[in-house]
Amino acid sequence: MLSYRLCLQSMFNMVPSTCASDTTTALLNQAIAGSSDNFVRSSFNCTQELPVWSATPDALDRAIFCGYKDANCARTNAVTFAEYSQAWDFRNTAVGRLEADIYSNTSKDQNFGSGAPPLNLRINQGLNLAANAFLRWSLGPQYSARLLALMEMPKQETHLSLDFSSLLGPIFYCWLAQLLLPLLLVTLVYEKQHRLRIMMKMHGLGDSAYWIIQYSWFLFIYCCYIAILLIVGSAINLKFFRLTNYGLQIIFFFVWGNCMIACAFLASIFFTNAKTANVVAFLWVFGTGLLNNLLMENYYQDHHAWVYVVELIPAFALYRGLWEQAGYAFKATYQNGGHGLNFSSLHDYNNHWIYATCVCAVETVIAILLALYLEQVLSSGTGVRRHPLFFLQRKKSAGGGGGEEAAPKPRRGVLDLLKKRKGSGVDQTGAAASKVGPKTPTPIFAAPATMETEMVQPNPGSPPITALHGGQNTSKGLGGVAGPTAMANPAAGSSAVVVDLDSSDVRAERDRVAGMTSFENECIVIKDLRKVYPPQDGNPAKHAVRSLTMAVDKGECFGLLGPNGAGKTSAINMLVGLMEPSSGTALIDGLDIRSDMPDIYAMMGVCPQHDLLWETLTGREHLLFYGRLKNLKGMQLQEAVNAALRSINLFNGGVGNKQVSTYSGGMKRRLSVAISLMGNPSVVYLDEPSTGLDPASRRNLWDVVKNAKHNRGIILTTHSMEEAEVLCDRLGIFVDGQLVCIGNPKELTARYGGYVVFTVTTPTGSDVQKAAAFVKQLCPSARPTYALGGTQKYELPTSEVSLSQVFAGMRQAQQLFTVLDWGVANAKLEEVFIKFARSIGAEGGG
């Protein structure tokens, strides 16, 4: 009966006083009196003690717990209690009402948790004691009840059903729904990294067309992916799909797909490397899934207000929508015939499916608009960066007058491109403006009125050079023709050297551009084009292009020569829209590169310095693609593609139908040239087109370029002097960012070569010595360069001898010794190039 005493002691404080009886004491005495022989019969008598109700159920719990032998309780009572098997708290029991808590001790079961069968516990005996005590106390000693066994309440037949999809939870479907994000992002960044995007743009593919095509293609791939996921999931009876309303699933997955594609476009602006984008995308997909599963699910269930803010992040909104779907499917699975998420359950308490779907829909629009804007104002590798408020700006005239409204832009108009002038102000080119009478033809660009001076220091440690542009001081240079001269510059110090880089031909070209009144014959007009790179890492600003002014006529191939680092590629990049000029402008077929590049792209072809090709496409597919961009269709397109493949020797043997990844470097180069000529563009830029070609392929390519000159302007950069002489109608030598001479190849070699090559052939013997003596007499500074048998070659400086003197001297020499053959030729173009490079210390590039 130790357990009964525990119940009493845990419910009362014994205070020495008079004896009294209460409900609990009477009940226990009745229980003891009616117990079987297995229990020790002992009456419970109050011995001069008054029970006082002062304990609580918590005190009873503590007493029972502290009776456990391993309980860490500070026992202050004198009596040490052992463990008790059962205890009762009759709470608010009264006549006609039984209310009791019965405690049962299971700590004696040594097999509990070990897997062995548990020991039998006499829980029903405790229930019998409580029930019989209540009956005898309230009704009389003749009443009793006996509980024989405990059985489960009868219910409908059930069976255990485990759903694989429910066990996986929403995290698995969150990963599946975002699995295409890395693929979409890598595709966009790859095209930008390898400049395929700008290559397509330079051949006429507008930004809006690119976005619509890519977006539609991505959405098609995603829809196919989700359709397969739904079909397969339903076919294998995944409750996640089968129990959820398919209409809701289609709506949610479609909205999420659009949101994911829009976010991929937005994220691609901030990446320049496809591998980095791929890693970050996968980390985002798996990281957001784990964060939702391990952390956010608890808050989703508790209905916190700040969860709405977290779900503004698309990945969290996706997880919440899937979590709702998985929760309803899980409950329906164990209800044996219940329903998952449907339209009627969308308004249940704490159901965020509608909110998550709306968040994805709204953020799709926001991400698209933000991506379109940032692509225009950031240097993202997709073209010239625009002003942050470009959408508020009105288009300006070709002269770029500050804030003046431009007239409607014609295709090849002139009058609407004239620069507007105000009083005697100075325009952006630095030329003084003047009012022109109504009957006087107005030049497109104002002629320079003052000499422009800038300090140039090509190489560290070399004395600074002051370059004079537009000056009138000239001197007779090589061959008696005005050319670059050097003179002391008192203003710059004794170590400074002044180099007049504007030779007569360069000044004549500037005057020609300044006096233009129409563009009937010129397809490219460049005026004071400059590019200055800002200082970096403590280095000064880099002047890549300094005041480039020139024009290219229709049907003309203009060659731009110069050492490495001279600024040729920078100039080409500004003309094709790869970079923004620091100042100046250029008109392409009457359109300004600063404001009309989308229209210019449609009329130009570009062969970049490095091949920008898709490795997985064939040569024919490349030509078909770029031909369609130039609006070629049907048989016209097929004929143009076949003609292009034949011209570059990729037609025979089915070479054009092979993937570009199998092409050699020379084959890729020829394909790039063919792409630039597709669609009959008005302007073509060829940046070192013959690099890596063998002699036979180079000759073939030259024929292609010469045949393509008809009615179009071509600007060609090259390091091959032979190629320049063969292809170019005019040449310009570009040194340290500036044009130092211009003219056709023969004129340049005659004007700036500085010598002529004299060759004479005589019989062997004494005539050889007589010929050598004759050359020394004709030109004491003659330099022998070749001698074999009776053939000798000399370089004769043009400053000491003229062609008339050479012809006159040979008439006399033929009377003195036997001359089998003789000839005279101008200097090589290569020598002219080296001479100009050395003139400002730029030999070798850099």
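The shown structure was predicted, so the numbers you read here are calculated from the model rather than taken from an experiment.
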- prompt: Taking the side chain as C-beta and beyond, is there a heavy-atom pair between Ser547 and Arg510 under 4.5 Å?
  reply: yes
field: Test item: Asp729 side-chain N/O and Cys557 main-chain N/O as donor-acceptor pair under 3.5 Å
entry: yes
message: So does Val726 get a backbone contact from the side chain of Trp702, meaning a donor-acceptor N/O pair under 3.5 Å?
response: no
query: Of the non-hydrogen atoms in Glu509 and Ala551, which two are nearest, and what is the gap between them?
result: OE2-N, 2.9 Å
query: Is there side-chain contact between Ile572 and Gln609, with heavy atoms separated by less than 4.5 Å?
result: no
query: Could you give the distance from NZ (Lys531) to CE (Met574), rounded to the nearest 0.5 Å?
result: 7.0 Å
Side-chain donor or acceptor of Asn707 paired with backbone N/O of Asp703 under 3.5 Å: yes
query: Taking all atoms of both residues into account, what is the closest heavy-atom pair of Leu612 and Arg195, and its distance?
result: CD1-O, 3.4 Å
query: For the side-chain hydrogen bond (donor to acceptor under 3.5 Å, both in side chains) test, which of Thr717, Asn573, Thr718 pairs with Asp687?
result: Thr717
message: As a quick check of understanding, evaluate side-chain contact (heavy atoms from CB on, under 4.5 Å) for Leu624 and Leu637, giving each step before the final call.
response: CA-CA 7 Å; Leu624 286 171; Leu637 175 62; 3.8 Å; yes
message: Going by the rule side chain to side chain contact (heavy atoms under 4.5 Å, CB included), which residues pair with Lys668 if we only count those two or more places apart in sequence or in a different chain?
response: Asp611, Leu613, Glu615, Val660, Tyr663
Thr549 (side chain) donor-acceptor with Asp528 (main chain) under 3.5 angstrom: yes
Spatial distance of atom CG (Leu739) from atom CZ (Arg546) [nearest 0.5 Å]: 13.5 Å
query: Stepwise, does the side-chain contact (heavy atoms from CB on, under 4.5 Å) test hold for Ile593 with Thr585?
result: CA-CA 7 Å; Ile593 64 171; Thr585 186; 4.1 Å; yes
- prompt: Atom CG in Leu180, atom SG in Cys224: separation rounded to 0.5 Å?
  reply: 10.5 Å
Distance, nearest 0.5 Å, that separates OH of Tyr373 from CG of Leu378: 8.0 Å
query: Which distance, rounded to the nearest 0.5 Å, do you find between the OH of Tyr685 and the CD1 of Ile588?
result: 3.5 Å
- prompt: Donor-acceptor pair, Ser690 side chain versus Leu693 backbone, under 3.5 Å?
  reply: no
task: Kindly indicate whether the side chain of Ser208, heavy atoms from C-beta on, has any atom under 4.5 Å from the side chain of Trp211.
output: no
- request: Inspect the contact between Arg669 and Glu688 and indicate whether a charged nitrogen and a carboxylate oxygen are less than 4.0 angstrom apart.
  value: no
query: Got a salt bridge between Arg197 and Glu375, using NZ or NE/NH1/NH2 to carboxylate O under 4.0 Å?
result: yes
- line: Between Val684 and Arg712 the two heavy atoms that sit nearest each other are CG2-CD, 3.7 Å
Side-chain heavy-atom pair Gln738, Val506 within 4.5 angstrom cut-off: no
- request: Drop me the distance from Lys568's NZ to Phe734's CZ, to the nearest 0.5 angstrom.
  value: 9.0 Å
task: Give the intermediate values and the outcome of side-chain contact (heavy atoms from CB on, under 4.5 Å) for residues Leu188 and Phe271.
output: CA-CA 10 Å; Leu188 295 172; Phe271 290 97; over 6 Å; no
- request: Could you tell me whether Glu556 and Arg730 make a salt bridge, using a distance below 4.0 angstrom between a side-chain N and a carboxylate O?
  value: yes
Side chain to side chain donor-acceptor pair (under 3.5 Å) between Tyr222 and Asn258, intermediate numbers included: CA-CA 9 Å; Tyr222 172 80; Asn258 284 273; over 6 Å; no
- line: Closest non-hydrogen atoms of Cys607 and Leu686, given as atom of the first, atom of the second and distance, are CB-CD2, 3.6 Å
- request: State, to 0.1 Å, how close Leu196 and Trp614 come at their nearest heavy-atom pair, and which atoms those are.
  value: CD1-NE1, 3.2 Å
- prompt: Can you tell me if Asp596 uses its side chain to pair, donor with acceptor, with the backbone of Asp592 under 3.5 Å?
  reply: yes
query: Backbone N or O of Met550 within a donor-acceptor pair of the Lys527 side chain at under 3.5 Å?
result: no
message: Quick check against the 3.5 Å criterion: does Ser697 have a side-chain atom that pairs as donor or acceptor with the backbone of Asp694?
response: no
field: Note: Asp505-Arg512 ion pair, threshold 4.0 Å (strictly below)
entry: no
- prompt: Do any pairs count as a side-chain hydrogen bond (donor to acceptor under 3.5 Å, both in side chains) and have a residue in residues 633-655, sequence neighbours left out, and if so which ones?
  reply: Arg620-Asn642
message: With a 4.5 Å cut-off on side-chain heavy atoms, are Leu575 and Ile526 touching?
response: yes
message: If we ignore hydrogens and angles and just use 3.5 Å, is the side chain of Lys658 paired with the main-chain N or O of Gly619 as donor and acceptor?
response: no
field: Distance under 6.0 Å and angle within 45° of ring axis: Lys630 vs Tyr626
entry: no
query: Mind checking whether Met200 and Phe625 have side chains closer than 4.5 Å, heavy atoms only?
result: yes
- prompt: With a 4.5 Å heavy-atom cut-off, do Ile226 and Phe254 have their side chains touching?
  reply: no
- prompt: Of the non-hydrogen atoms in Ser582 and Val532, which two are nearest, and what is the gap between them?
  reply: OG-N, 2.8 Å
message: Side chains of Phe265 and Leu372, heavy atoms from C-beta outward: is any pair under 4.5 Å?
response: no
query: Do any N or O atoms from the side chain of Lys192 and from the backbone of Ser268 form a donor-acceptor pair under 3.5 angstrom?
result: yes
query: Would Leu701 and Val673 satisfy side-chain contact (heavy atoms from CB on, under 4.5 Å), going step by step from the backbone distance to the final call?
result: CA-CA 8 Å; Leu701 184 65; Val673 174; 3.5 Å; yes
